[in-house]
Amino acid sequence: MNRITRFSMAVLLVVILALTASGVWASQKFAGTVPTVPPSGGGTDPGGVVDMGTALFTPVDSNSTISVDRISPDCTTAAPAPDGVVCLADAFLLTVEPATAVVKVCYAYPPEYAEKEAKIYKLNEEANPHVWVEVPGAEIGDGTICVTTTGGYIGLIGKP
Amino acid sequence: MIFQLVIIFILGLCYSFTIAPDLTWAHFSADGGDLIAAAATGGVPHPGGYPLYLILARFFQFIPVGTLAFRTNLLSAVCTILAALFLYGFLIHQLSGRTHARFVSFFAALAYGLAPFVWGQALVTEVYALHGLMMIASVYFLSLDKPQIGEWTRGFIFGIAAANHLTSIMIFPLIALNFREGKFVSTRVFLIRCAGILSGLLLYLMLPLRASFDPPVNWGDASIVDGFVWLVSGQLYHDYFLSPTFADILQRMHAFAGLLLEQYTWPGVLLAIYGLFSLRSRHILIVTLWMGTTFLLYALLYGSTDSQVNLLPVWLIFAIWLGYGLQDVFKLIHNFSKIRLAAACLLSVILILRIPFVFPSVDVSDEPSAQDFVDQSLAEIPRDALVFVDGDEQIFSLWYAQFALKRRLDVVLVAEGLLPYRWYIDNLHRNYPHLEIPEREQLRAFDLVAANPERVVCYISADEPLLCLKADSESRNIINECHDIDTIYLHSKPLSFPYCGSLFQEEVN
């Protein structure tokens, strides 16, 4: 190649580069050095447990599948809290397949919640209007409060 | 010698005015805190371990000037100046006997050192400035004639290059090349060079040794075989390769064109491409095309947030081509001494005049975001808090503060994304002996919160400032005031505890 040809080709390539140069390096959706924390509730770990950050949903029946959605802003979205108590933490809509399957629900339970006598409640959707009802048989220990229940709206409710 | 001194002076001046005086996140240096902390504490940073970098960084950290982070940043500046000098030496060696070889080499070396991307990497703690140095050093020593350097040494340089950054193995095939003649070396020479490479790679054995002392930053626990293999093979990141979609790759190719023009401007790129077409020697063509293509492909196909840093060797190759292009132009005007002189002066002036334009985009001498984050977080985190941290910048900055600077040793820092790894749980045990860590296979943040009810729980992520979710007894009244605040989201995760962020912080302060 003589100089003219080389130079012409170089000019052509620079023009192509200049015309195609645009946008930013595709990087936003990719991971960094430390693996990112998967959004809770969007998936389950190998045991089928759904981790909503500070509440865990564990299917008791291994053949069941569950999904959990947070209801916003708190349990009062579904129904007012009973007299004298308030919503202390997030409430969730627990969907279970099959519908009769039982799920273990655990909330983190720091001493403040114990002092507020916080309990796990479930929305009674058959009542009109809907009302929050305490789920019986709560087990408190190791910094958690756990109950077993079926699908529905779940919330942690206690004294203000 | 005058040209080398001018290179050192100009680059030294530019870098000294723009270098980060402390920890920074600029120029893709989110990992800086990890590297500084690992180097300072005899630790092992993220995969692939970077043993060569650790040795050199520790050496610089002993220099009695500025902050620990600044001293580590200095290593990058020195490496980039050395890379420019090696580039100058390489081009001088290849263009020896030709007209204006010195000026052409000088110009190309300065153009490399002043390219915005390269300049930026010279100012921060990252492995890429050293990576650029090792790449040009590898090519430089490969190109030297036999009496000047032994075959084992050539291989050794390649080996220690890979002991800095694993991607250096992509240029290993070049050791089969007889640089002078542009053909393959004999089997005997090849084996000697391979022995040199293996000797250089022995630096990796430093990692198990460091890991055996249980340093606070100890990725993978390389003291055991599985951990060592996990670390040096970069297993954590294997899935990143080939993860970009075709659309991502296409977008990156467009971005690459823009980045290239940004590094050398369009006249510079024109000269570089012209230089590529003007290359007469087959060996230079093979070496530069191989290195440029492999690193470009790697950057395009590697799915990490900062994959464009892998383009640094590509910018190096373009600087070499730029030198050849310029040399050919000077050859063309060889008989016109006044034009030659005018062209040399004009090019030098253009290069110098470009500095003020690049300066603001690379300057991190007054970029306090990382340090502000560290100072603010450490001032506000309640005593003995359990802090879940997400995001490279946030995690590594706090590691730097706690492990390297020994600040807020009462606080427990948990990188939530590392909880699935056994070695990380072991690190937590050693770093925080008073932390209750339940023994279970898939340890979650929830388990740590539940097992440590006496600790205030805080979250820090790239999207959220410090959020503390539970107050101690003195602050309980503040919690009550927080109940009406809407639920806060943390990296798409709703928080279940009562929010007591700013009000609580006021109480703590």
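Proteins come first, then strands; the chains are lettered A, B, ... in the order of their sequence lines, and each starts at number 1.
For chain A, the nearby parts of B/Leu270 are the backbone and the side chain; heavy atoms of each come within less than 4.5 Å. With a threshold of 4.5 angstrom between heavy atoms, B/Ala247 does not approach chain A through any atom at all. Neither the backbone nor the side chain of B/Asp34 comes within contact range of chain A; no heavy atoms are under 4.5 Å apart. B/Leu236 touches chain A through its side chain: at least one heavy atom from C-beta onward sits under 4.5 Å away, while N, CA, C and O do not. In this structure, no portion of B/Leu271 lies under 4.5 Å from any heavy atom of chain A. For a residue to count as touching a neighbouring chain, one of its non-hydrogen atoms must lie under 4.5 Å from one of that chain's; by this rule B/Tyr274 touches chain A with backbone and side chain alike. Looking at B/Leu300, the atoms closer than 4.5 Å to chain A (heavy atoms on both sides) sit in the backbone and in the side chain alike. With a 4.5 Å cut-off on non-hydrogen atoms, B/Tyr237 touches chain A through its side chain but not through its backbone.
Taking each heavy atom of B/Phe277 and A/Ala10 in turn, the nearest pair found is CE1-N, 3.8 Å. Of all non-hydrogen atoms in B/Gln251 and A/Trp25, the two that sit nearest each other are NE2-C, 4.3 Å. Across all non-hydrogen atoms, the minimal contact from B/Trp219 to A/Val34 is CH2-CG2, 3.9 Å. For the pair B/Leu418 and A/Pro35, the tightest heavy-atom approach, listed with the atom from each and the gap, is CD2-CD, 3.7 Å.
Counted within 6.0 Å of CD1 on A/Ile4, heavy atoms from surrounding residues, nucleotides or ligands total 12 or fewer; the atom is thus considered open. Within a 6.0 Å radius of CZ in B/Phe117, other residues, nucleotides and ligands contribute more than 12 heavy atoms.
With chain A as partner, the option from B/Leu276, B/Ile395, B/Leu260, B/Asp328 having the largest number of non-hydrogen pairs under 4.5 angstrom is B/Asp328.
With rounding to the nearest 0.5 angstrom, the CZ atom of A/Arg6 is 14.0 Å from the CD1 atom of B/Ile273.
Along residues 11-21 of chain A, the residues that come nearer than 4.5 angstrom to chain B, judged on non-hydrogen atoms, are A/Val11, A/Leu13, A/Val14, A/Leu17, A/Ala18, A/Thr20, A/Ala21 in order of number.
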